[in-house]
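Excluded from the calculations below are hydrogen atoms, water molecules and symmetry mates; all remaining heavy atoms, backbone and side chain alike, are included. Note that the structure is predicted; figures quoted are calculated from it, not measured.
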Amino acid sequence: VQLQASGGGLVQAGGSLRLSCAASGRTFSTLVMGWFRQAPGKEREFVAAVSRYGGDTSYADSVKGRFTISRDNAKNTVYLQMDRLKPEDTAIYSCATAPTYTIMLKSYVYWGQGTLVTVSS
């Protein structure tokens with residue numbers, strides 16, 4: 001599975017960004033998709049996950065109510081809409097796939113290269 005994330009950039013606190021992750025190499029609807037992030041000097045952490053057909057979603061407490069994960073299986077793409085961004089959201093955001101629905105980082109098998117999100121105060 002190949003994953004290509006895009007949509008990162010520089011935004012002021014309170015602003016919004018939408019990340020996209022395009023997948024190829026396997027039937028997209030068979031893949032559980034997740035977003036993770038890694039801030040400078042910190043461990044990679046879970047952000048959000050969506051089940052194969054979008055019926056189930058999960059979020060880290062730190063982003064709940066501000067971020068929304070969604071997917072379009074016809075376009076082989078998963079999205080992360082990020083609203084009311086905070087400086088502490090600054091990180092490299094990566095998408096990944098897992099064989100079953102989970103928020104556990106270690107269960108995600110294929111990873112994209114990441115896209116940098118910088119939130120200025």
Under 4.5 Å between any side-chain heavy atoms of [X] and [Y], yes or no?
X	Y	result
R26	Y110	yes
S6	T115	no
Q81	S70	no
T118	V11	no
V117	L17	yes
I103	Y59	no
L31	V1	yes

Work out which heavy atom in [X] is nearest to a heavy atom in [Y]; give both atom names and the distance.
X	Y	result
L85	M82	CD2-CB, 3.8 Å
P99	V109	CD-CG2, 4.0 Å
Y101	S51	CE1-N, 3.5 Å
P40	T90	CD-O, 4.3 Å
F36	F46	CD2-CA, 3.4 Å
L3	A96	CD1-CA, 3.7 Å

Approximate separation, where rounding is to 0.5 Å, of [X] [atom1] and [Y] [atom2]:
X	Y	atom1	atom2	answer
T97	Q2	OG1	CD	10.5 Å
Q113	I92	CD	CD1	10.0 Å
Q4	T77	CD	OG1	11.0 Å
Y79	T68	OH	OG1	14.0 Å
Q38	S94	CD	OG	8.0 Å

Between the side chain of [X] and the main-chain N/O of [Y], is any donor-acceptor distance below 3.5 Å?
X	Y	answer
Y108	T102	yes
Q12	V119	no
R66	R84	yes
S62	A60	no

What I want to find out is whether K86 reaches D89 closely enough, with some N-O distance under 4.0 Å, to be called a salt bridge.
no

Please determine if R71 forms a cation-pi arrangement with F28, meaning its NZ or CZ atom is less than 6.0 Å from the six-membered ring centre and no more than 45° off the ring axis.
yes

Does a donor on one side chain sit under 3.5 Å from an acceptor on the other, for S29 and N73?
no

So which of L19, V47, V63, L80 actually passes side chain to side chain contact (heavy atoms under 4.5 Å, CB included) with I69?
L80

Within one Ile-Leu-Val-Met-Phe-Trp-Tyr cluster: L116 and W35, side-chain cutoff 4.5 Å
no

